[in-house]
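Heads up: the structure comes next, in structure tokens.
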Amino acid sequence: MPRPQASEKKLKDMETTVAGELVRLRQLSEEAARYEAEGRFDRVAELLEASLKIRERDDSLARLGDAYLKLGRLGDAERCYVRASEIGALTDALQQRLLRVRELTAQHKP
């Protein structure tokens, strides 16, 4: 049986790691929002991709899909929306995004 001190240290280390991840996720999200307001969707995509390496979240995936859509990366946008619906709820807004990207993809096929 592990010693209480070792368990407490392990718990404290986990709490510190999670807290650090949350701070970094917030920073990346805020920075992405600034670039989004400027219309720099290449940077938005880059920052949201970095945040997903820390923790995969449905809202980040949906925002990344939006950035990809604005960059014309329809396949990447669709994959983000599908993954967002898999780890979160398929909301009406997310369903509309999926329908739109699929319609655009169909229009661009020969």
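Given the structure is predicted, the values throughout are model-derived calculations rather than measurements. For reference, positions follow the sequence shown, starting with 1.
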Candidate list Val101, Asp66, Leu64, test side-chain contact (heavy atoms from CB on, under 4.5 Å), partner Cys80, passing option: Leu64

Minimum heavy-atom distance between Tyr81 and Leu98, given as atom pair plus value: CB-CG, 3.7 Å

Which atom of Glu36 lies closest to which atom of Val44, heavy atoms considered: N-CG2, 3.4 Å

Shared hydrophobic cluster, Val82 / Leu52 (ILVMFWY, side-chain heavy atoms < 4.5 Å): no

From CG (Asp76) to CG (Leu71), nearest 0.5 Å: 9.5 Å

Residues forming a side-chain hydrogen bond (donor to acceptor under 3.5 Å, both in side chains) with Arg102, sequence neighbours excluded: Glu78

Transitive ILVMFWY cluster of Leu99, excluding itself - 4.5 Å side-chain cut-off: none

From Glu56 atom CD to Leu61 atom CG, the distance as rounded to the nearest 0.5 Å: 5.0 Å

Minimum heavy-atom distance Leu25-Ser51, with the two atoms named: CD2-O, 3.4 Å

Nearest-0.5 Å distance, CD of residue Gln27 to CG of residue Leu22: 11.0 Å

Nearest non-hydrogen partners of Gly65 and Ala77, listed with the distance: O-CB, 3.3 Å

From CA spacing to verdict: side chain to side chain contact (heavy atoms under 4.5 Å, CB included), Leu28, Leu48: CA-CA 7 Å; Leu28 290 168; Leu48 292 174; over 6 Å; no

CG-OG distance between Asp59 and Ser29, expressed to the nearest 0.5 angstrom: 7.5 Å

Contact summary for Leu94 and Ala62, nearest pair of heavy atoms: CD1-CB, 4.3 Å

Residue list, side-chain hydrogen bond (donor to acceptor under 3.5 Å, both in side chains) with Glu103, at least two apart or on another chain: none

Spacing of Leu47 atom CG and Glu30 atom CD [to the nearest 0.5 Å]: 11.5 Å

Which residues share a side-chain hydrogen bond (donor to acceptor under 3.5 Å, both in side chains) with Thr105, sequence neighbours left out: none

Check against side chain to side chain contact (heavy atoms under 4.5 Å, CB included), Arg43 and Arg34: CA-CA 10 Å; Arg43 285 290 292 149; Arg34 284 193 300 275; over 6 Å; no

Single-linkage hydrophobic cluster Tyr68~Phe41, side-chain heavy atoms < 4.5 angstrom: yes

Qualifying residues under side-chain hydrogen bond (donor to acceptor under 3.5 Å, both in side chains), relative to Gln95, sequence neighbours excluded: none

Arg100 atom CZ, neighbour heavy-atom count above 12 within 6.0 Å: no

Geometric cation-pi criterion, Arg40 with Tyr35: 6.0 Å, 45°: no

Where at least one partner belongs to residues 18-28, residue pairs that pass salt bridge (Lys or Arg N to Asp or Glu O under 4.0 Å), sequence neighbours excluded: Glu21-Arg55

Residue pair Ser85 / Leu90: nearest heavy atoms and the distance that separates them: CB-CD1, 3.7 Å

Main-chain N/O of Arg57 paired to Ser60 side chain as donor or acceptor, under 3.5 Å: no

